[in-house]
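To find a chain, count down the sequence lines: A is the first, B the second, and so on, and within it residues start at 1.
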There are 2 protein chains.
Amino acid sequence: MARYRVGIETRDRILAATRDLLAEGGLEGVTLKRVTTAAGVGVGSFYNLFDSKESAVFEVVRETLDAVDPHPEAPGAGDDRLTDLVGAFVTFITDSPTVARIYLQLAGLGLTDPAIAARVLRSHRLRVDRFAAACRREDPALDDASARERAQAVLASLTGYGLTSLIDPTFDMAAHARGLLDRVGAAG
Amino acid sequence: MARYRVGIETRDRILAATRDLLAEGGLEGVTLKRVTTAAGVGVGSFYNLFDSKESAVFEVVRETLDAVDPHPEAPGAGDDRLTDLVGAFVTFITDSPTVARIYLQLAGLGLTDPAIAARVLRSHRLRVDRFAAACRREDPALDDASARERAQAVLASLTGYGLTSLIDPTFDMAAHARGLLDRVGAAG
DNA sequence: GGGGAACTTGAGTGTACGCTCCAGATTCAC
DNA sequence: GTGAATCTGGAGCGTACACTCAAGTTCCCC
């Protein structure tokens, strides 16, 4: 859609505005007027670059899901340890509250919108694979099923921790994540 | 608002319709037209019984949060064990998918709406207290702060499990909850 | 530097929303 | 049974929304 340099820049500004509004007020908080005003752009420009409001939101969602996974360059043959993956997730939540809010709202949105649900599930599965691989690397005695189970548990707990930390400011996500790793390690 | 028998019945039908729509399509899915149609009621009747659409949604939210806690009759001096509390939560999620969906969306909604956020936080705090009391009963050597910390971790994990189980149908929440209890018990 | 494609703009469109209003029906305490 | 309070339905109101359109401007390949 965007072929000229200015178009690409405008597109970026629109996506940034959408991202901010989404984090601030959820899907409801994203209106065409707000997006275009925040981006300093006319309505027509928006529709020159995006098919619909939804497609801009979807683009932000896509970027957000990508952002949860650190360096996704090596898809299958990563060499990160479980500690690193957990740490990256914690950092993601605590350091990028804007994007993290969107990410955690996605789960809720996904419960409602099938298109988003599909994307969230796909991204989730990839992350489970990655966590499971790390588990096996850490504990080679683990069979594949057990590794996946452990990975699922760790990820689900982490998600819950992230959600809780946004609900309850007194929740110390980093400390709890450390506790989680200890418990999982102790159980292995 | 409702003084006559018919009024109370209508109110119930409206709340039921609101609950269904909320679970099905989130906040976005709840429109006045849909609610009144589903409840088989005129718009005027709705506004005779509720101040606004929001107040009906809020009522459902309130009921939902109450539903998460089994028998809240004995506020401070409960005698339930941690296993029971966890079991009740799992049952709640798996057996009442409609209400559970709303409950899990609440976290996301709460991130956006301060009134809902306040209610969710209050309900969350009460639940932490309850879980913490159970932890201390199970493990009297635990000091208060540690019990609360453990309770927070268990609850946050459970929330994450619930969310994951709605995202990913292959996630076995009951089994993972059992694993969670084992791990927490082993660490105690 | 000419020209066609890409970009920009904002007034305007149709639609769906939450909500008001009111005239008539129903309930129920007395 | 009466009457005041409550309940009911739905036409209609104002508003905000996502989106269109056409006329003008900017970009950038050649």
Under-4.0 Å side-chain N/O to phosphate OP1/OP2 contact, [X] with [N]:
X	N	answer
A:Ser52	D:dA18	no
A:Asn48	C:dC7	yes
A:Thr31	D:dA16	no

Any non-hydrogen side-chain atom of B:Thr37 less than 4.5 Å from a side-chain atom of B:Arg34? no

Any side-chain heavy-atom pair from B:Ile14 and B:Leu49 closer than 4.5 angstrom? yes

Is the shortest side-chain N to carboxylate O distance from A:Asp129 to A:Arg125 below 4.0 Å? no

Could you check whether B:Arg5 pairs with B:Glu9 (Lys NZ or Arg NE/NH1/NH2 to Asp/Glu carboxylate O, under 4.0 Å)? yes

Starting at [atom1] of [X] and ending at [atom2] of [N], how long is that distance when rounded to a whole Å?
X	N	atom1	atom2	answer
B:Leu32	D:dA11	CG	P	15 Å
B:Ile8	C:dT26	CD1	P	19 Å
B:Glu9	D:dT8	CD	C1'	14 Å
A:Leu27	D:dA18	CG	P	10 Å
A:Phe46	D:dC17	CZ	C1'	13 Å
A:Glu28	D:dC17	CD	P	11 Å
B:Phe50	D:dT6	CZ	P	17 Å

For the side chain of A:Leu49, counting heavy atoms from C-beta on, which of D:dC7, C:dT8, D:dT8 is nearest? C:dT8

Side chain of A:Ser45 - closest among D:dG9, D:dA18, C:dT8: C:dT8

Between B:Arg34 and A:Val41, whichever has its closest DNA chain C nucleotide further toward 5' is A:Val41

Would you kindly say whether A:Asn48 and A:Ser45 are connected by a side-chain donor-acceptor distance under 3.5 Å? no

Sole residue of A:Phe89, A:Phe92, A:Phe171 in ring-ring contact (aromatic ring centres under 6.0 Å, His included) with A:Tyr161: A:Phe171

Looking at every strand, decide which applies to A:Val30 at a 4.0 Å heavy-atom threshold: base, sugar-phosphate, or nothing. sugar-phosphate

Using a 4.0 Å heavy-atom cut-off to protein, can you give one letter per nucleotide of nucleotides 21-30 of chain D, 5' to 3': B if the base is in contact, S if only the sugar-phosphate is, - if neither? B-----BS--

Based on the rotation axes of five pairs at each end, what angle does the helix from C:dG1-D:dC30 to C:dC30-D:dG1 bend through, to 10°? 30°

Smallest separation among heavy atoms of B:Val128 and B:Ala151, with atom names: O-CB, 3.7 Å

Filter on side-chain hydrogen bond (donor to acceptor under 3.5 Å, both in side chains), then keep only pairs touching residues 92-106 of chain B, sequence neighbours left out; what's left? B:Tyr103-B:Arg127

Looking at A:Ser146 and A:Leu142, would you say the former's side chain and the latter's main chain have a donor-acceptor pair under 3.5 Å? no

